[in-house]
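Working notes for the structure below.
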Amino acid sequence: MPIKVENVNFIYNEGTPYATVALENITFEIQDEEFVGIIGHTGSGKSTLIQHLNGLLKPTSGKIYINGIDITDKKVNLKEIRKQVGLVFQYPEYQLFEETVFKDIAFGPTNLGLNEEEIKKRVYEAMDIVGINRELADKSPFEISGGQKRRIAIAGILAMKPKILILDEPTAGLDPKGKEEILNRIKEIHDKYKMITILVSHSMEEIARFANKIIVMNKGRIELMGTPREVFSEAEMLEKIGLGVPQITSLARELRQRGIPIPQDVLTIEEAKEHIVRYLRGTKNV
Amino acid sequence: MFRNITIGQYVPGDSVVHKLDPRIKIIITFIFIIAIFFINKLSGYLFAVFYLWLIIAISKIPFSYILKGLRPVIVILLLTVSLNIFFTPGGTILYTVGPLRITTGGLRLALFMGLRLIFLIIGTSLLTLTTSPISLTDGIEHILKPFSSIGVPAHELAMMMTIALRFIPTLIEEAEKIMKAQMARGADFESGNIVKRAKGLVPLLVPLFISAFRRADELAIAMESRCYKGGQNRTRMKQLKTQPRDYAALAVTLIIVMLIVWNRSWTW
């Protein structure tokens with residue numbers, strides 16, 4: 001289910017004294033099975049952009065195609081689009097409202113008009129995927145921990161079986177352990193179901209670890225786009241717009257400047273370790 | 001869907017109207033409201049129109065904003081006007097529909113009531129459009145202060161209003177966010193009959209209330225940790241001081257009021 005975005009512009013409060021340009025000439029394509037990271041700091045237009053991808057916002061001008069269907073068209077069936085494009089908002093636990101965890105996860109599938117059996121199957125499946133014990137199904141979503149709440153909210157989207165999964169800062173406000181959990185689950189889901197996954201984040205490390213394509217947003221425009229290696233080799237540009245590169249890439253750059261031959265596009269700790277060990281061995285042998 | 005509400009919204013600016021002492025502005029608004037009810041001829045509205053036009057021109061508030069403020073009350077306006085048209089006796093009968101009859105007296109009263117409502121709304125929304133919520137409640141607190149000796153909790157009332165006003169935009173934003181999140185889960189807020197729609201609001205209202213209570217809790221803790229304690233002779237950063245322009249505004253208003261009273265004795 002490829003996504004194609006063409007020359008999208010979006011203006012908030014158009015025609016009032018408060019009009020602000022939120023998106024400017026956005027164009028990109030995402031192919032099947034891709035894991036895309038979107039980075040940019042607060043107010044760069046990330047959240048606005050992803051809300052366009054399931055028709056919650058309509059572009060002021062430009063076109064968006066999901067699987068070849070123009071979703072900016074007035075006649076398009078938005079419910080169908082939202083079934084295919086699952087969007088997990090920032091702090092999704094704030095939208096929980098049902099009496100039990102089960103009912104809350106079932107909200108999406110119920111809206112899709114599925115029968116009871118199918119709903120039940122999907123809810124338990126989704127709970128398994130996000131790693132929530134089935135015994136919690138009858139608990140109130142308000143009496144469980146924050147990390148669990150968030151996973152339940154994500155399960156609520158997964159139970160709709162979307163073909164495209166978009167997550168807006170899914171790790172915001174979680175402790176390191178909770179962050180790891182969520183990220184690993186997302187990676188697992190992507191690997192297992194091969195759905196297009198779009199991860200919006202502040203953290204270079206998170207994006208560098210998982211994405212095979214990165215979109216860097218700044219002031220409503222796409223500043224950079226490409227593979228992690230391509231994007232993070234533009235360290236100066238990233239720093240200029242206040243983003244920076246993963247810490248390990250930054251370390252590699254420092255080492256290079258001190259004359260140690262490490263490639264400047266090191267992205268993960270493992271890679272860096274390998275290069276550093278090789279270098280140390282090399283100097284000892286001399 | 002919530003973005004069109006302009007009642008109670010503040011449009012920042014630095015005109016003389018914006019800078020007036022909020023106490024004077026509140027008092028002027030009250031005087032204007034009372035004066036509206038003194039008008040007994042159509043010609044009297046000319047003075048009110050002139051007065052409002054003067055304020056709008058000086059404050060540079062876009063006229064479209066003021067019209068937008070009228071939109072949410074259109075139903076009330078239409079209801080008032082039609083009730084007056086059909087149920088006022090007196091004057092010559094122009095038209096009869098079953099038990100209802102339209103009379104010249106009814107038409108006249110409907111016109112007056114309609115105009116009165118419109119002027120009331122425009123007048124009061126000009127106050128909120130040109131006064132920031134903070135200075136508005138500051139003004140209210142000052143006006144209520146003399147009554148605190150008879151047990152009116154002036155400071156507490158003002159603080160409650162400040163907080164309530166402050167959180168209106170926050171809650172609207174929150175409501176929009178939750179709505180979008182539920183729509184992403186296939187919720188439908190726009191179609192179906194009344195019962196279905198009311199039921200459809202549950203996924204919006206439950207999270208909204210929870211977050212409102214959470215915010216209230218957090219705010220209370222934040223205020224207490226900064227040692228906030230009611231109205232115990234707190235001093236303020238911005239002292240309200242009346243300036244010559246405030247007296248000038250008051251004078252202009254009083255002149256308009258006198259003209260309106262004088263207008264009552266006109267023959268047309």
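Just so it is clear: chains get the letters A, B, ... in the order the sequence lines come, proteins before strands, and each one is counted from 1. Please read all numbers here as calculations on a predicted model, not as lab measurements.
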Check whether [X] gets within reach of chain B through its side chain, its backbone, both or neither, counting any heavy atom under 4.5 Å.
X	result
L78(A)	neither
E98(A)	neither
L87(A)	both

At what distance, to the nearest 0.5 angstrom, does NZ of K177(B) lie from OH of Y94(A)? 9.0 Å
Between CD of Q95(A) and CE of M179(B), what distance do you get to the nearest 0.5 Å? 13.5 Å
Report, as yes or no, whether the 6.0 Å neighbourhood of atom [atom1] on [X] holds more than 12 heavy atoms from other residues, nucleotides or ligands.
X	atom1	result
K161(A)	NZ	yes
E143(A)	CD	yes
K79(A)	NZ	yes
F30(B)	CZ	no
D14(B)	CG	no
F189(B)	CZ	yes

Identify the residues of residues 241-253 of chain B whose heavy atoms come closer than 4.5 Å to a heavy atom of chain A, ordered by number, or report 'none'.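 The list, in residue order, is empty: none.
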Check whether any side-chain heavy atom of N54(A) sits under 4.5 Å from a side-chain heavy atom of M183(B), and report yes or no. no
pair F97(A)-L205(B): side-chain heavy atoms closer than 4.5 Å: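 No, every pair of side-chain atoms sits at 4.5 Å or beyond.
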Is the closest basic N to carboxylate O distance between R82(A) and D188(B) below 4.0 Å? no
Mind checking what makes side chain to side chain donor-acceptor pair (under 3.5 Å) contact with E188(A), not counting sequence neighbours? none
Specify which of P203(B), A184(B), G186(B) makes the most heavy-atom pairs with chain A at under 4.5 Å.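 Heavy-atom pair counts peak at P203(B).
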Given the ring of F89(A), does R185(B) sit roughly above its face, with NZ or CZ under 6.0 Å from the centre of the six-membered ring and within 45° of the axis?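 No cation-pi geometry.
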